[in-house]
Amino acid sequence: MKLIRDPEKLQREFQKVREREKSIGFVPTMGALHEGHLSLVRTSKRDNDLTVVSIFVNPAQFGPQEDLDRYPRPIRRDLGFLRAAKVDFVFVPSARAMYPEGLVRPLRIKNAKWPRLAKGLCGKFRPGHFQGVVTIVAKLLDRVRPSRLYVGAKDYQQARVLSQLVSDLGMGVKVCVMPTVREKDGLAMSSRNRYLSKPDRLRARMFSRVLFQLRSDLKKNKASITTLKAQALRKLKPYVDRVQYLEIADPVTLRSLKRSQKKMIALGACFVGKTRLIDNVTIQINR
Ligand code: AMP
C-alpha cells in the first residue's frame, strides 16, 4: 500500500496507471473508518485493477457551529484497516495542499443541475455543506481520474448530488452507490456514532426502527403519506432531542411527495444528544 500526501504526486502516479489502461476505483472518505467504508473498499477491489482511498476531513463542508475540530481522526487505525484490505493507494492530503487558494467553494457551473438537489433536506439545515462536498470531490476526481467512484447510500442526498455533478461536468466516471451498512440493531454505521454515550446509543436505534416501520406501512398502503409521516414523527420524537426533517421523497429528484408512487425514499436527520444522525430507506411498491 502506497501512502501519498502530495496532490501533485498523486496526479503523476495515476497518470502512469492510466497509461497502462488499468481501471481505478476511488473511495473518498473522512476517515474514522468502519464497515460501511470498508464495504465500498471491498467492492472497488473486486471491480477494479487498482483502488485508491482518500482520507481528508474537508473543512469546506463543515458549518461554523459544527464538529470539524472534534471530528475523529484515528489515522494509524485507519491505515491498518486499509492495509489489511489490500488497498493500493491511500491519499492523505493536508488542508493547505487541497486548498492552496484558501477555503473556497468555487464550483459554479452554468446550467448545472446539482444545486437543485442540494437545496432541501440536509442542504436546508447545513448551508454550504454540499458546495463544500462538491468542491472537494471535484478536486479529488480531477487528480485521480478514476473509472468508478464509490459512495454510500447512507448519505443518499450526497450520492444524488455527486451523481448529478459527474453528469453536469461530463466527467465520465461511473458513480456506484452502495447499500447502507448497519449495526445489528439497525443503526446506520457512521463515524459520528462514536460520539454517542451509552444511553444515547440506545435511544439512537429508534431512528432506523421508525424508518423501517414507515417503509412497511407505506408498502401496505396503510394510510396516506401525510398521515404515515406524522405517525412516524410522533413515534420518533420522544426518543431523540431534535428532528431536523423526516421526508418521503422521489428518489431521483428528492422532491417531497404527497402521494404514494412506485419508488420512494424516506429520509431523516435528527439529533441524539449533540450527535447528528442521518438515515434513509428506499421503498418499492409492488402493486
Ligand atoms: P464519510 O467518511 O462519512 O465522508 O463517508 C465516506 C463514504 O462512505 C461516503 O460515500 C459515505 O456515504 C460512505 N458511508 C458512510 N457510512 C456508510 C454506511 N454505514 N454504509 C455504507 N456507506 C457508508
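When a ligand or atom number is given, it counts from 1 through the structure's own listing order.
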With a distance cut-off below 6.0 Å to the six-membered ring centre and an angular limit of 45° from the axis, does Arg242 pair with Phe271 as a cation-pi contact?
-> yes
Heavy-atom nearest neighbour in the protein, as seen from atom 10 (O) of ligand 1, with distance rounded to 0.1 Å | Gly152 N, 3.0 Å
Salt bridge between Lys274 and Glu66, side-chain N to carboxylate O under 4.0 Å?
-> no
Which heavy atom of the protein is the closest neighbour of atom 11 (C) of ligand 1, given with residue, atom name and distance?
-> Asp155 OD2, 3.1 Å
Which residue and heavy atom of the protein sit nearest atom 20 (N) of ligand 1, plus the separation = Val181 N, 2.8 Å
Polar contact flag for His37 and ligand 1 (N/O pairs, less than 3.5 Å) | yes
Met189 heavy atoms within 4.0 Å reach ligand 1 at atoms 16 (N), 17 (C), 18 (C), 19 (N)
Does Asp78 pair with Arg83 as a salt bridge, N-O distance under 4.0 Å?
-> no
N or O contact, Thr29 vs ligand 1, cut-off under 3.5 Å = no
Based purely on interatomic distance, does Val151 place a nitrogen or oxygen under 3.5 Å from a nitrogen or oxygen of ligand 1?
-> no
Which residue holds the protein heavy atom closest to atom 16 (N) of ligand 1, what is that atom called, and what is the gap in Å?
-> His34 CE1, 3.3 Å
Part of Pro28 with heavy atoms under 4.0 Å of ligand 1, whether side chain, backbone, both or neither = backbone
Stepwise ring-ring contact (aromatic ring centres under 6.0 Å, His included) check, Phe89 with Phe14 = CA-CA 10 Å; Phe89 294 93; Phe14 284 101; 4.9 Å; yes
Go through ligand 1 atom by atom and flag the ones less than 4.0 Å from a non-hydrogen atom of Gly36.
-> 17 (C), 18 (C), 20 (N), 21 (C), 22 (N)
NZ/NE/NH1/NH2 to OD/OE distance under 4.0 Å, Asp200 and Arg203 = yes
Under 4.0 Å from ligand 1, counting heavy atoms only, is it the side chain of Lys154, its backbone, both or neither?
-> side chain
Number the atoms of ligand 1 from 1 as they appear, then name those within less than 4.0 Å of a heavy atom of Thr180, with their elements.
-> 20 (N), 21 (C)
Quick one: look up the protein heavy atom nearest atom 21 (C) of ligand 1 and list residue, atom name and how far away it is.
-> Pro179 O, 3.5 Å
Without hydrogens or angle criteria, can the side chains of Gln15 and Arg145 be said to hold a donor-acceptor pair below 3.5 Å?
-> no
Flag Leu40 as yes when one of its N or O atoms lies below 3.5 Å from any N or O atom of ligand 1, and as no otherwise.
-> no
Determine, for Glu13 against Arg143, whether the closest basic-nitrogen to carboxylate-oxygen distance falls under 4.0 angstrom.
-> no
Relative to ligand 1, is Met178 under 4.0 angstrom through side chain, backbone, both or neither, heavy atoms considered?
-> neither
Atom 4 (O) of ligand 1: the protein heavy-atom neighbour that sits closest, reported with distance to 0.1 Å = Met30 CG, 3.6 Å
Do NZ/NE/NH1/NH2 and the carboxylate oxygens of Asp279 and Arg182 come within less than 4.0 Å?
-> yes
Quick one: do Glu183 and Arg205 make a salt bridge, cutoff under 4.0 Å?
-> no
Does NZ or CZ of Arg148 come closer than 6.0 Å to the centre of the six-membered ring of Phe26, within 45° of the ring's axis?
-> no
